[in-house]
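What you see is a predicted model; the values in this text were computed from it and never measured.
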Amino acid sequence: MQIDQLFELVYVLIDKKQVTAKEMAERFGVSTRTIYRWVDALSVSGIPIYSQNGRGGGIAISEKYALDTKVLSEEERLAIVSSVKALNSLSGNPASVVNANIKAAEKISGLVGKNTDWLEVDFAPWSPEGSSVRQVFGTLRDCILQKKQVVFDYYSGDGRLERRTVHPWKLIYKGQAWYLQGWCTTRKAERFFKLTRMQNLDMTGRAANITKSGIQTTTSSKNKVQLKEQKVPVVQIKAKIRPSKIAYLFDTFICSQIKQNKDNSITATFSAPDTDWLIGMLMGFEADIKIISPKNIAQKIQQKLEDILRLYK
């Protein structure tokens with residue numbers, strides 16, 4: 001007798017209200033005698049399940065108990081399955097655990113009768129080393145759920161390598177990348193950390209007691225920690241780009257305006273964070289893009305190019 005089989009039998013009854021022992025025996029590949037033994041076991045455990053003899057009889061569950069399935073619509077049940085599959089793509093769990101999670105979601109969702117294999121999500125990079133992102137994701141997830149501090153070596157945007165200790169709050173997927181949001185004890189401030197820049201990640205045995213609300217819940221101190229959201233300046237850019245590169249622009253930026261020019265070029269307007277990342281990203285388009293405005297962005301690109309020329313002289 002497998003627990004998951006008993007679990008599935010209960011949800012079949014919730015979904016169909018009543019079934020025959022023969023029907024369930026064929027479903028699970030066991031004898032009808034085994035099915036009746038399962039019914040007795042479930043009844044003893046407190047599940048309001050019973051069998052009826054005669055024509056129209058079978059195995060049923062209390063109508064009051066079955067009404068609980070109405071809490072979720074069919075669309076909501078399918079959404080549960082889809083969400084579990086998406087999270088499993090970064091769980092770091094072995095395939096057996098992933099498949100078990102999906103099966104459990106299908107049972108909880110009322111054994112949806114529709115195809116649930118329409119969605120596959122993989123947030124890992126295309127490179128062979130992409131699986132490491134799943135391992136980092138899994139460790140951080142455990143730290144957040146278990147409320148434990150996490151330590152790791154981190155490469156910051158300016159190239160510095162530092163050992164960071166963080167009270168983790170949340171994992172965020174933003175702009176084609178995963179980030180950890182939490183309280184950094186090194187900076188004594190709220191910070192976002194890109195998962196791909198983390199090395200030597202480990203969960204500590206210390207409690208993560210600085211929460212998003214800024215309350216430190218340790219018994220030694222009840223002082224409130226004032227948190228400030230990081231404000232990244234945003235700049236609106238107007239650029240002229242060759243048609244062969246417009247698809248790559250769409251891959252990174254959301255364009256608010258697109259205009260086809262007479263010379264077959266395209267003028268695009270989009271917003272982006274005013275950081276060093278932006279300059280490097282725009283330089284990746286090489287001579288296929290020209291920044292029209294703001295002028296300071298064009299000047300920063302020109303300065304970077306001059307620095308590169310000096311490096312190779």
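Nearest heavy-atom pair, F28 versus L9, reported as atom, atom and distance to 0.1 Å: CZ-N, 4.0 Å. Across all their heavy atoms, I237 and A272 have their closest contact at CD1-CB, 4.5 Å. For the pair Q260 and N264, the tightest heavy-atom approach, listed with the atom from each and the gap, is NE2-O, 3.2 Å. Taking every heavy atom of both residues into account, A208 and P168 meet most closely at CB-CD, 3.9 Å. Among all heavy-atom pairs drawn from I301 and I279, the shortest one is CG1-CG2, 4.0 Å. The two residues A268 and I258 come nearest to each other via the heavy atoms CB-CD1, 3.7 Å.
Considering only heavy atoms from C-beta on, I266 stays 4.5 Å or farther from L249 through its side chain. Between Q236 and T269 there is a side-chain heavy-atom pair separated by less than 4.5 Å. Counting heavy atoms from C-beta on, the side chains of I254 and S271 never come closer than 4.5 Å. Between R206 and V151, the closest side-chain pair of non-hydrogen atoms falls below 4.5 Å. With contacts defined as side-chain heavy-atom distances shorter than 4.5 Å, the pair L180/I172 does not qualify. Taking the side chain as every heavy atom from C-beta outward, R191 and T186 never approach each other to under 4.5 Å. In this structure, the side chains of I59 and Q18 stay at 4.5 Å or more apart for every pair of heavy atoms. The shortest distance between side-chain heavy atoms of N200 and R163 falls below 4.5 Å.
Rounding to the nearest 0.5 angstrom, the gap separating the CD1 atom in I291 from the NZ atom in K240 is 13.0 Å. Taking CZ of F285 as the start and OG of S244 as the end, the distance is 10.5 Å to the nearest 0.5 Å. Atoms NZ and SG, from K148 and C143 in turn, are 10.0 Å apart once rounded to the nearest 0.5 Å. Rounded to the nearest 0.5 angstrom, K313 NZ and L311 CG are separated by 11.5 Å. To the nearest 0.5 Å, atom CD of residue E162 and atom CG of residue D153 are 10.0 Å apart. A distance of 9.5 Å separates NZ in K259 from OG in S265, rounded to the nearest 0.5 Å.
Residues satisfying the side-chain hydrogen bond (donor to acceptor under 3.5 Å, both in side chains) test with D307, not counting sequence neighbours, are Q303, R310. Residues passing the side-chain hydrogen bond (donor to acceptor under 3.5 Å, both in side chains) test with K170: none are found, sequence neighbours excluded.
Only one option out of V166, T165, I144 pairs with V150 in a side chain to side chain contact (heavy atoms under 4.5 Å, CB included); it is V166. With F193 as the partner, the ring pair (Phe, Tyr, Trp, His ring centres under 6.0 Å) test is satisfied by one option alone out of Y179, F152, W183: F152.
Looking at Q302, its side chain never comes within 3.5 Å of a backbone N or O of E306 through a donor-acceptor pair. The backbone N or O of K194 lies less than 3.5 Å from a partner atom in the side chain of Y154, making a donor-acceptor pair. Not one N or O on the side chain of Q149 forms a donor-acceptor pair closer than 3.5 Å with the backbone of T204. In terms of modelled atom types and a separation under 3.5 Å, the side chain of N261 and the main chain of D263 share no donor-acceptor contact.
Within 6.0 Å of the CG atom in D276, the count of heavy atoms belonging to other residues, nucleotides or ligands does not exceed 12. Around the OH atom of Y50, the shell of radius 6.0 Å holds more than 12 heavy atoms that belong to other residues, nucleotides or ligands.
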(request) Applying side chain to side chain contact (heavy atoms under 4.5 Å, CB included), run through M281 and T252 and close with a yes or a no. (result) CA-CA 9 Å; M281 180 60 67; T252 307; 4.1 Å; yes
(request) Apply side chain to side chain contact (heavy atoms under 4.5 Å, CB included) to V235 and L278, showing your working. (result) CA-CA 10 Å; V235 61; L278 173 62; 3.9 Å; yes
(request) Quick one: do F270 and S256 satisfy side chain to side chain contact (heavy atoms under 4.5 Å, CB included)? Show the steps, please. (result) CA-CA 6 Å; F270 55 93; S256 58; 5.8 Å; no
(message) Apply side chain to side chain contact (heavy atoms under 4.5 Å, CB included) to residues K304 and L282 and explain how you reach the verdict.
(response) CA-CA 11 Å; K304 285 286 185 182; L282 294 174; over 6 Å; no
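A single hydrophobic cluster is not seen to contain both M203 and L140; linkage of ILVMFWY side chains at heavy-atom distances under 4.5 Å, directly or through other members, places them apart. L201 and Y173 fall within a single hydrophobic cluster, where Ile, Leu, Val, Met, Phe, Trp and Tyr are joined by side-chain heavy atoms under 4.5 Å apart, directly or via other members. Both F250 and F253 are assigned to one and the same hydrophobic cluster, defined by single-linkage of ILVMFWY side chains at heavy-atom distances under 4.5 Å. I289 and I308 end up in the same hydrophobic cluster when Ile, Leu, Val, Met, Phe, Trp and Tyr side chains are linked at under 4.5 Å. Both W277 and I297 are members of a single hydrophobic cluster when ILVMFWY side chains are connected at heavy-atom separations under 4.5 Å.
The side-chain hydrogen bond (donor to acceptor under 3.5 Å, both in side chains) contacts involving residues 284-298 comprise R242-D288, where partners must be two or more places apart or lie in separate chains.
Between D274 and K300, at least one side-chain N (NZ, or NE/NH1/NH2) sits under 4.0 Å from a carboxylate O, which counts as a salt bridge.
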